[in-house]
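All remarks here apply to the structure that follows.
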Amino acid sequence: MDLRSESSCARCRFKSKAAAVLSEEELHMLGKACVEVSVNRGDAFFRQGTPSGHVVYLKEGLARIHKKGPRNRDQILKIACSGTYLGIQTILGDVVNQYSASALTRAVACYIRVGEFRLLIQKNGDFANELIDYICREELSHFNRLVSHWQKQLTGRLAETLLYFAEEIFRAQEYPMLLTRQELASMVGGTRESVSRAMKEFVDSGIIGMNKKEIRILKPELIKKLADSG
DNA sequence: GCATTAACCACAG
DNA sequence: CTGTGGTTAATGC
């Protein structure tokens with residue numbers, strides 16, 4: 001992990017939607033509470049079970065949010081895009097991280113001390129509002145994922161996940177698969193073997209194209225139908 | 001019963 | 001790390 005100079009949040013090119021409503025003075029305070037780091041693919045931003053003292057603002061890059069369950073297996077809960085905060089859930093009650101976050105690509109992130117972050121929420125209603133807005137949207141999307149995980153079978157869940165990457169993460173019909181089969185399986189809720197097989201079926205039926213790690217959605221209508229019907 | 005789905009296991013690139 | 005094949009258990013007509 002690479003430490004960088006003290007950040008100037010006022011002039012940040014990647015300011016979050018929430019930080020955009022902060023005053024000059026508040027941004028200065030944010031800057032004081034903030035350290036910018038640059039990390040490599042695979043590096044952890046924070047780990048489940050370790051104390052949390054910061055909120056992480058993901059400035060550039062992608063992250064995976066994952067959590068170990070009772071059988072000590074890691075499940076990927078979601079992919080976080082740049083411009084979002086990681087670990088806000090932990091700032092109120094718990095002082096121990098309930099899940100892990102790690103970089104899926106090279107990434108730049110700002111570690112913001114929890115104390116100051118909370119102070120900004122208390123002081124600035126617009127800031128708080130933006131955050132709540134974000135948290136609400138996230139929760140709704142988690143509800144959706146949870147329900148589909150319960151009701152769809154593997155093929156549908158995989159189709160949905162491939163679409164999730166295309167639509168939410170990359171906003172493109174073609175994108176690099178950054179996850180290993182194992183990780184993709186842990187996100188879809190299946191085994192590496194089942195995911196491999198289902199993926200092959202998608203390719204064989206011409207729904208997606210795959211060369212190397214590149215995925216291309218060839219028949220959006222069909223894959224949507226699969227994702228919807230399960 | 002018979003078919004489908006998906007996990008588990010083993011083995012090979 | 002991946003893909004494949006065989007086996008097995010559960011679930012649904």
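Below, read A as the first sequence line, B as the second, and so on, with proteins coming before strands; counting in each chain starts at 1.
You'll find that the side chain of Ser194(A) is closest to dA6(B), out of dG3(C), dA6(B), dC8(B). Closest to the Arg181(A) side chain, of the nucleotides dC8(B), dA6(B), dG3(C), is dG3(C). Of all nucleotides listed (dA6(B), dT4(C), dC1(C)), dC1(C) comes nearest to the side chain of Thr180(A). Ranking dA6(B), dT4(C), dC1(C) by closeness to the Leu154(A) side chain, first place goes to dA6(B). You'll find that the side chain of Gln153(A) is closest to dT5(B), out of dT5(B), dA10(B), dA7(B).
Applying the 4.0 Å criterion to OP1 and OP2 of dT2(C), one finds that Lys213(A) has a side-chain N or O inside that range. Within the structure, every side-chain polar atom (N or O) of Ser196(A) is placed at least 4.0 Å from both OP1 and OP2 of dT2(C).
If you measure from atom CZ of Arg192(A) to atom P of dG3(C), you get 9 Å, rounded to the nearest angstrom. For the pair Ile215(A) CD1 and dT2(C) C1', the interatomic distance rounds to 14 Å; values are reported in whole Å. Rounded to whole Å, atom P of dC9(B) lies 14 Å from atom CZ of Arg197(A). In this entry the distance linking CZ of Arg71(A) with C1' of dA7(B) reads 11 Å, nearest Å. Here the P atom of nucleotide dG3(C) and the NZ atom of Lys200(A) are 10 Å apart, to the nearest Å. Atom CG of Leu184(A) and atom C1' of dT2(C) are 13 Å apart (whole Å). Rounded to a whole Å, the CD atom of Glu193(A) is 18 Å from the P atom of dG13(B). Atom CE in Met199(A) sits about 8 Å away from atom P in dG3(C), given to the nearest Å.
With contacts defined as side-chain heavy-atom distances shorter than 4.5 Å, the pair Arg41(A)/Thr105(A) does not qualify. Side-chain atoms of Ser148(A) and Arg157(A), non-hydrogen and from C-beta on, never get closer than 4.5 Å to each other.
Between the side chains of Ser102(A) and Arg64(A), at least one donor N or O lies within less than 3.5 Å of an accepting N or O.
Atom NZ of Lys213(A) is surrounded by more than 12 heavy atoms from other residues, nucleotides or ligands within 6.0 Å.
Ring pair Phe127(A)/Tyr85(A) is perpendicular by interplanar angle, where above 60° counts as perpendicular and below 30° as parallel.
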